[in-house]
Structure formats: C-alpha cells, structure tokens
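For this chain, numbers begin at 1 and follow the sequence in order.
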Amino acid sequence: MGSYATSPPVRRSLHGLLVALFVVALGVVGALAAPPSAHAAESTLGPAAKQSGRYFGVAIAANRLNDSTYASIANREFNSVTAENEMKIDALQPQRGQFNFAAGDRVYNWAVQNGKQVRGHTLAWHSQQPGWMQNLNGSALRQAMVDHINGVMNHYRGKIVEWDVVNEAFADGNSGARRDSNLQRSGNDWIEVAFRAARAADPSAKLCYNDYNVENWNAAKTQAMYSMVRDFKQRGVPIDCVGFQAHFNDGNPYNSNFRTTLQSFAALGVDVSVTELDIQGASPTTYANVVNDCLAVTRCLGITVWGVRDTDSWRAHHTPLLFNGDGSKKPAYNSVLNALNGGSTTPPPTTPTGGQLRGVGSGRCVDVPNAATADGTQVQLYDCHTNANQQWSLTSSGELRVYGDKCLDAAGTAVGARVQIYSCWGGDNQKWRVNSNGSIVGVQSGLCLDAGGSGNGAAIQLYTCWNGSNQQWTLT
C-alpha cells in the first residue's frame, strides 16, 4: 500500500459564452460514454469487464463476509477476489512451520462458490512478517522465505490464477534503489530466488511483481522496476506479470502517462494488472481514465479495487472507493461501468476552448502574477490583456487550465483558502462547477471562487457563496 489523492462528480451550466462550452463538452462526454453496438451494456462491473476478456475484482476481508450488504455487493459486482490480509505471511504462517489456512480458505471458498477467480497476495514482503521471521536474517531468512512460498503455493496449487510473489521491494523517493529490508539484506538476488521457487511450486499460476507509486512513467521508482523486469525477461527469470497498486492521491496523483507505463511493461512480454485501485475522493473522471488505460493495453488482465465500500477502505477518510458506507453507488461507479461497457480507449479532451476569466464586479481578469509557472503561485486580479498568463481553458472534466498543463487549484477546503496554479493531476480541488449565475464553485470544498478586492493584485480565494459580484465571472 502507498500514499493518497482526491475527486467527485462534475456538472456545469455556464454564464454567457460558458454555455456554449458546456454544450461542446457535454456532447464529447456523451459520445465517449455511449456503449458500442457490439455488446449489450452490462449492469454490473464484473460482467462489463468480461466483455473485453478482463476481470474487475475486489479485495475481500474474511471478517466482513458476515455483513450482508458487504457480501451482496461483492458477489453482485465483481468477478475476481483478492484476500485483503488473509494470505499475507503473518496470517498464513504465524509460527514457523505451522501454517494456518483457515481465514485464507474462507475467502477462497467464498470466491469460488460464487463463481469468481482468485488472486493471491502476497508471498514475499518486508511488511506483515510474523515475529519469528522478523528475527531471521541471511541464509536462514532466505530458506524461510522459500519454505513459506512452497507451503502456501502447494496448498493452493492449481487454484490461484495470479500470485503477487514479491511485494513493494523498491524504495520510495527518487533513488531508484531497492528498499532496505531484511529480505534485501539477505542478498540482491532474493527477488529472483522467490520467483524461481514460486514457478517450481505451481507452474500454472501467473507470477507477478507488485508495487505502489510506480504508475507515473517518469518516476525513478517506476524506471527501477522496469529495469528489473527487463533484466528478468532477458535472463529467463520466471516473471509473468506486473501489478500496479494505483493508490492515487495527492502524494501519488494520477498521471495521463499511466497508459504509457502499462504499454511499456507489456512490451517487455509481461501481463499487467491494476491490483489495489483506490482514488482519494473517488473522482469519476480519474476512475474512468484508469479503466480506459487498462482497456487500451491488450495485455492488461484486469482491475482490482481495494475494498468494497468507503467504510471498508484502509484509507476510509479519503472516501476512495465506488460505494458509500451504506452500500449506495457513487458517481464513480457509473463512470467505471460506462467505461467498461463503452470500451472507450480515448481519454476526454483536455482543452475545448477558453479565454480570459473576467470578474463581473471588478472588470479585471484572473491573472498568474508575473507569468509565473511555479506550483503554488496564488492567482490574483489584474487588468485584462491577451498574454498567456490570463488565458484559461475549461476542460470537459471541469478543470480550468492555464499554460496547457497548470490547473486552477484550491490549496484547502476552508473559507479563505488560497487559489493557486498547480500541475494538473485530476483531484477534486482542481475541479470547478461553473453555474448559470456566474459563480464558480470548487467541487471539493463547495465554496466559491472569490476576489478579495477589486483592484490590481487582489488575491483570489475560496469563500462562502453569497452571490456577490466579486464571486461572478465570465469566460470571454
């Protein structure tokens, strides 16, 4: 598991020329959502994914299966299951040489009894090791790792479709180094040893490497993982697939080059999977983008979301899943279902059209001071001109972009929070509803875009909506 991000629904009705933009954007979105005539639209996620030969799965916790709402949603919507914790090392081998498959088997049996395939997670990991394993090192730890792989895979031999053999072996940050762990200290070849042991234990299972914060193609961690997989393929190390956890959040925002990442790994001759998807704020647009990225890559096997309802999430406070706590569907659910049914592999357009964002009360324009491009630069009012630092484009997802790749961004959700420019990442703090009365409301905060004065240099902020002229805008 890794860090986090935000986003919900977008609706627009526009003031003046904004009305025309809305019609254009809405027409494009409608066209993207239309299902192809080749398939009847499915009403649930698993069958919709199956149309393209993929799965849409979920992480299941055994102790929640007694919750009828939880179990009903999981059974109705998904066609693949991953045990959230029940197949990790501490759960399966709490004492050395003493395996306990009770909880893991409960998840497995529930899945197969309901017609679902099962992914195994995870065989070798620096975290959630039982105490006895934490106290080992060197060759003793290496042997214990191999023994664990053999014991678990022999128990589930021929039953698990994909195994996350090794999990999270690379360090966070920009070093591109391996994570410092007891497994790594046993020797740099420990990952290769784990994969070779897994192949011998169950030749029929797909063997995957799984990690987080590796979705951005330009990240050092991604490139390090890519180099390892390329080396393994060149030397015949038995690796079949790579799992991208896809915990998208403000620390690891979704980037449109995720599709490039998936394609680049697939080109090495491995399958790819989205294994632990959750998105801070559950942005419908970002969820759809991830689905379309998988659909665009032939070797993408499927997608697993990490939990059923927001209240079941390991990051519940980020409301990152497709169902509310009461079991009701969120807007992101419909976005995912539409994408799976439509099979669209074309992302929504980013810049339909645009111009100056002019304050009704002041007659001045929203301006990036001194034509700055640095993230975090607070925007202001200034005399209108035609330079690039006053040219804003409204996208079909509700972003207001300047310079093409910088978004109007709320730095918080409280009254008085600064409004700034920031690299676009798909979060709800970068999404805006532009209303017929000229107000522009932050999707995340529900507060209005507000000018703190009417003169040159007046700061733009978030403020409680009150229909004042300093909160009314036209895009001209």
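- In summary, the side chains of N216 and N257 do present a donor paired with an acceptor at a separation below 3.5 Å, with no hydrogens or angles considered.
- Not counting sequence neighbours, the partners of D67 by the salt bridge (charged side-chain N to carboxylate O under 4.0 Å, His left out) test are R309.
- The ring pair (Phe, Tyr, Trp, His ring centres under 6.0 Å) check on W217 picks up Y226, with sequence neighbours excluded.
- Applying the disulfide bond (SG atoms under 2.5 Å apart) rule to pairs touching residues 51-108 yields nothing, sequence neighbours excluded.
- Remark: aromatic rings of H148 and W125 are distant, center separation not under 6.0 Å.
- Annotation: salt bridge (Lys or Arg N to Asp or Glu O under 4.0 Å) contacts involving residues 97-116, sequence neighbours excluded, are absent.
- No close placement of the Y55 and F78 rings is indicated, their centers lying 6.0 Å or farther apart.
- Partners of Y209 according to the side-chain hydrogen bond (donor to acceptor under 3.5 Å, both in side chains) rule, which considers only residues two or more places apart in sequence or in another chain, are D211.
- In summary, the aromatic rings of H126 and W190 are positioned with their centroids too far apart to meet the 6.0 Å limit.
- Listed by first and then second residue, the disulfide bond (SG atoms under 2.5 Å apart) pairs involving residues 187-237 are C208-C241 (not counting sequence neighbours).
- For the residue pair N137/N182, the side-chain donor-acceptor check at 3.5 Å is not satisfied.
- Under a 3.5 Å cut-off, the side chain of N79 and the backbone N or O of G46 do form a donor-acceptor pair.
- Distance check, rounded to the nearest 0.5 Å: CE of M228 to CG of L268 gives 11.0 Å.
- Looking at N75 and Y70, their side chains never bring a donor and an acceptor atom within 3.5 Å of each other.
- The structure places CZ of F265 at 13.0 Å from OG of S273, a figure rounded to the nearest 0.5 Å.
- Residue pairs meeting the salt bridge (Lys or Arg N to Asp or Glu O under 4.0 Å) criterion with at least one partner in residues 406-422, sequence neighbours excluded, are D375-K406.
- Counting only residues at least two apart or in different chains, salt bridge (Lys or Arg N to Asp or Glu O under 4.0 Å) contacts with residues 121-147 comprise R142-D189.
- For residues 330-339, the set of pairs meeting the salt bridge (Lys or Arg N to Asp or Glu O under 4.0 Å) definition, not counting sequence neighbours, comprises D310-K330.
- A donor atom on one side chain and an acceptor atom on the other are not found under 3.5 Å apart for D326 and N324.
- Between the side chain of E215 and the backbone N or O of A246 there is at least one donor-acceptor pair closer than 3.5 Å.
- By the ring pair (Phe, Tyr, Trp, His ring centres under 6.0 Å) test, F101 is found to be paired with F99, H155, Y156, residues two or more places apart in sequence or in another chain being considered.
- E168 and Q245 form a side-chain donor-acceptor contact under 3.5 Å, judged by distance and modelled atom types alone.
- Scanning for side-chain contact (heavy atoms from CB on, under 4.5 Å) contacts around E77 gives T44, L45, I73, F323, K329, Y333, with sequence neighbours left out.
- Every residue was checked against the salt bridge (charged side-chain N to carboxylate O under 4.0 Å, His left out) condition with D90, not counting sequence neighbours, and none meets it.
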